[in-house]
Structure formats: structure tokens, C-alpha cells
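So the structure is just underneath, and the comments pick up after that.
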Amino acid sequence: MSENPKRLTGRIWRGLVAMLGICIGPTLGFAADAPAPCTEDAMIVFDASGSMAGSLAEGIGAKIRRIDEVRKALAEALPRVTHFRKIGLITYGPGPYSQCNVNLDLRPEANAAQPIMRKVGVLNPAGKTPLTEAVEQAAEVLDYRAKPGVVVVLTDGEETCGGAPCSLGTKLHAEGVRLTVHVIGFRMTAFWTGAQSALDVQCLAKATGGLYIATNNQEELVQAFEKTLGCPMMSRLDPLALER
């Protein structure tokens with residue numbers, strides 16, 4: 001007896017669906033298991049110590065302060081990176097002379113360019129350089145023991161508040177879940193910084209799998225901020241996803 005045409009069509013359809021499941025299933029599983037690119041929150045750790053009030057050219061009569069040059073670079077870079085990553089801000093060194101001040105100015109949020117620049121724009125660079133404490137606080141804000149994160153440190157000098165950047169890097173790597181610390185050194189060859197200060201922050205970056213980028217002008221600063229904060233693979237995704 002011949003089979004009912006409707007029943008036969010149903011069997012053929014179910015067979016096709018099963019074959020598609022075999023072919024597509026592994027691909028879907030791989031996509032589900034693969035980590036999404038560039039979704040980690042980031043913290044900028046910004047140097048506002050007294051040395052940042054110095055001029056770019058240490059000659060007499062120079063008027064451009066280091067902090068002003070860094071502000072210009074950050075203002076140029078941030079709009080191109082904050083669409084694709086939540087970013088926050090910690091500043092270290094602002095305020096009274098000879099104090100080891102660390103301020104949490106902004107927790108990571110989407111489209112943070114303007115809030116960050118409002119904070120950076122009013123900084124008074126005068127204090128010491130508690131770089132290690134600032135990085136550790138940034139790591140805590142990112143909940144580094146429980147999830148991945150990125151810290152980008154801007155510094156022009158050595159730690160001056162008793163911290164040990166290299167030891168902190170080892171600790172963050174041992175205790176954290178893929179926390180990466182990048183360090184942007186701005187004119188670290190100045191007369192008031194020695195070779196050891198650069199080695200200390202290089203060690204901090206290396207211990208966490210991060211980059212150390214030496215910069216000497218605004219263009220190099222912009223490139224460094226974009227390289228460490230940017231998410232090139234995220235450009236294909238919807239930037240509004242961060243706000244949902």
C-alpha cells in the first residue's frame with residue numbers, strides 16, 4: 001500500500017530539520033561559548049600630581065603644562081572609544097601640595113566622554129603620586145576578582161607615596177579574573193624621574209598582560225589612549241547595547 005502523501009512530506013521535512021541541526025549545531029555552540037569581544041568595563045587612572053603642572057619643555061618661559069596637553073589628547077580620543085565600552089575615572093595627586101590623594105570621580109558608564117572631561121578639566125595638579133593605591137582602587141571598582149576589566153594608567157613620574165607598582169601587578173594577576181593594566185608613560189625621561197620609575201610601571205603592566213606605551217606629545221597620547229581603551233571589533237556591534 002502506498003504511503004499517505006501528507007505523512008511522507010512530514011517525514012521528509014523532519015529529516016531535513018534534523019540534518020540542519022547536525023550541521024548548524026556545532027557552529028551555534030561555538031558562538032555561544034566564545035567570549036564577546038571588548039565588553040570589559042575600563043577605568044582611567046589619571047595623574048594629577050604636582051609634576052603634571054610642569055611644562056612640556058622644561059625651558060624658561062614655556063607655557064604649556066603637561067596636564068593641559070594630556071587633557072587635549074583625552075578630549076580627542078574619548079569620543080571615539082566611549083561608544084563601545086563603559087569607562088570610569090580615578091584621579092590621583094590632585095589637591096593640596098604634599099598629600100597622597102586618590103579620588104573616585106566616576107564609576108564605569110556608557111558614553112562617558114563628557115563626564116570624564118568635566119572632572120579632568122577642573123583638576124588642580126599639586127600633590128604627590130599615589131599611583132599604586134589608585135590602580136588598586138580602580139581594580140576594586142571593576143570587581144577584578146569576579147570579572148575581567150581594563151585599567152589604563154596615565155603617569156608622568158614615579159610612585160612617591162610608598163606603594164610598589166610591580167608587587168601590585170603580581171597580586172592583581174594572581175587574584176584577578178583577567179584584569180589587564182595598561183600604562184601610558186608621558187615624558188618619563190624628564191629630569192625629575194629616574195630609570196627605576198619607568199621600570200616599576202612597566203613591570204605593573206607586564207605582570208597583568210598589559211602594554212607600556214611611552215609618549216612624548218599629544219599625537220602619541222591620542223594613539224595610546226585609543227589603543228588601550230578602544231574596541232575595534234565592537235565597531236560592528238550596536239553601541240546602544242551598553243545602555244540597555
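Just so we're clear, the structure is a prediction, and the values are computed from it rather than from any experiment.
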[X] [atom1] to [Y] [atom2] distance, which is reported to the nearest 0.5 Å:
{"X": "L142", "Y": "Q137", "atom1": "CG", "atom2": "CD", "value": "12.0 Å"}
{"X": "F46", "Y": "N103", "atom1": "CZ", "atom2": "CG", "value": "13.0 Å"}
{"X": "L204", "Y": "L199", "atom1": "CG", "atom2": "CG", "value": "12.5 Å"}
{"X": "T39", "Y": "K147", "atom1": "OG1", "atom2": "NZ", "value": "10.5 Å"}
{"X": "L179", "Y": "M43", "atom1": "CG", "atom2": "CE", "value": "11.5 Å"}
{"X": "E159", "Y": "D200", "atom1": "CD", "atom2": "CG", "value": "8.5 Å"}

Between [X] and [Y], what is the shortest heavy-atom contact and its length?
{"X": "A77", "Y": "E226", "value": "CB-CG, 3.9 Å"}
{"X": "I116", "Y": "I44", "value": "CD1-CD1, 4.2 Å"}
{"X": "V81", "Y": "G230", "value": "CG1-CA, 3.6 Å"}
{"X": "L78", "Y": "A113", "value": "CB-CB, 3.8 Å"}
{"X": "N101", "Y": "P94", "value": "ND2-O, 2.7 Å"}
{"X": "E175", "Y": "Y144", "value": "OE1-OH, 2.8 Å"}

Holding to side-chain contact (heavy atoms from CB on, under 4.5 Å), I want the full list of residues that pass it with [X], two or more places apart in sequence or in another chain.
{"X": "Q114", "answer": "R118"}
{"X": "T180", "answer": "H182"}
{"X": "A42", "answer": "R85, I87, V150, L229"}

Would a single hydrophobic cluster contain both [Y] and [X], if residues Ile, Leu, Val, Met, Phe, Trp and Tyr are joined by side-chain heavy-atom contacts under 4.5 Å?
{"X": "V141", "Y": "V102", "result": "yes"}
{"X": "L131", "Y": "Y212", "result": "yes"}
{"X": "V120", "Y": "I67", "result": "yes"}
{"X": "V45", "Y": "L104", "result": "yes"}
{"X": "M117", "Y": "F186", "result": "yes"}

For [X], enumerate each residue passing the side-chain hydrogen bond (donor to acceptor under 3.5 Å, both in side chains) test, keeping only those at least two apart in sequence or located in another chain.
{"X": "D68", "value": "R65, R71"}
{"X": "T91", "value": "D105"}
{"X": "S49", "value": "D47, S51, T129"}

Who are the salt bridge (Lys or Arg N to Asp or Glu O under 4.0 Å) partners of [X], not counting sequence neighbours?
{"X": "E76", "answer": "R80"}
{"X": "E140", "answer": "R145"}
{"X": "K206", "answer": "none"}
{"X": "E133", "answer": "none"}

*Let me see the working for V153 and Y92 under side-chain contact (heavy atoms from CB on, under 4.5 Å), right down to the final yes or no.*
CA-CA 10 Å; V153 185; Y92 63 100; 4.2 Å; yes
Could you tell me if the side chain of [Y] sits less than 4.5 Å from the side chain of [X], heavy atoms only?
{"X": "T160", "Y": "E158", "result": "yes"}
{"X": "L221", "Y": "L154", "result": "yes"}
{"X": "L211", "Y": "V183", "result": "no"}

*Which pairs, with at least one residue in residues 79-116 and sequence neighbours excluded, count as a disulfide (SG to SG under 2.5 Å)?*
C100-C161
*Can you tell me if T215 uses its side chain to pair, donor with acceptor, with the backbone of N217 under 3.5 Å?*
no
*Answer yes when D41 and K86 have at least one side-chain N-carboxylate O distance shorter than 4.0 Å, and no when they do not.*
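Not counted as a salt bridge, because no side-chain N and carboxylate O are separated by less than 4.0 Å.
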*Decide yes or no on salt bridge (Lys or Arg N to Asp or Glu O under 4.0 Å) for R187 and D156, but give the supporting numbers first.*
CA-CA 6 Å; R187 295 179 64 87; D156 79 331; over 6 Å; no
*asked:* Give me each pair satisfying side chain to side chain donor-acceptor pair (under 3.5 Å) with a member in residues 161-173, each pair once, sequence neighbours excluded.
replied: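 Found E136-K171.
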*Are I184 and V152 close enough, and set up right, to give a side-chain contact (heavy atoms from CB on, under 4.5 Å), and what steps lead you there?*
CA-CA 7 Å; I184 300 173; V152 176; 3.8 Å; yes
*Above 12 or not: heavy atoms from other molecules or residues under 6.0 Å from CD of E219?*
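No.
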*Could you walk me through whether V135 and L168 pass the side-chain contact (heavy atoms from CB on, under 4.5 Å) check?*
CA-CA 9 Å; V135 172; L168 176 63; 3.8 Å; yes
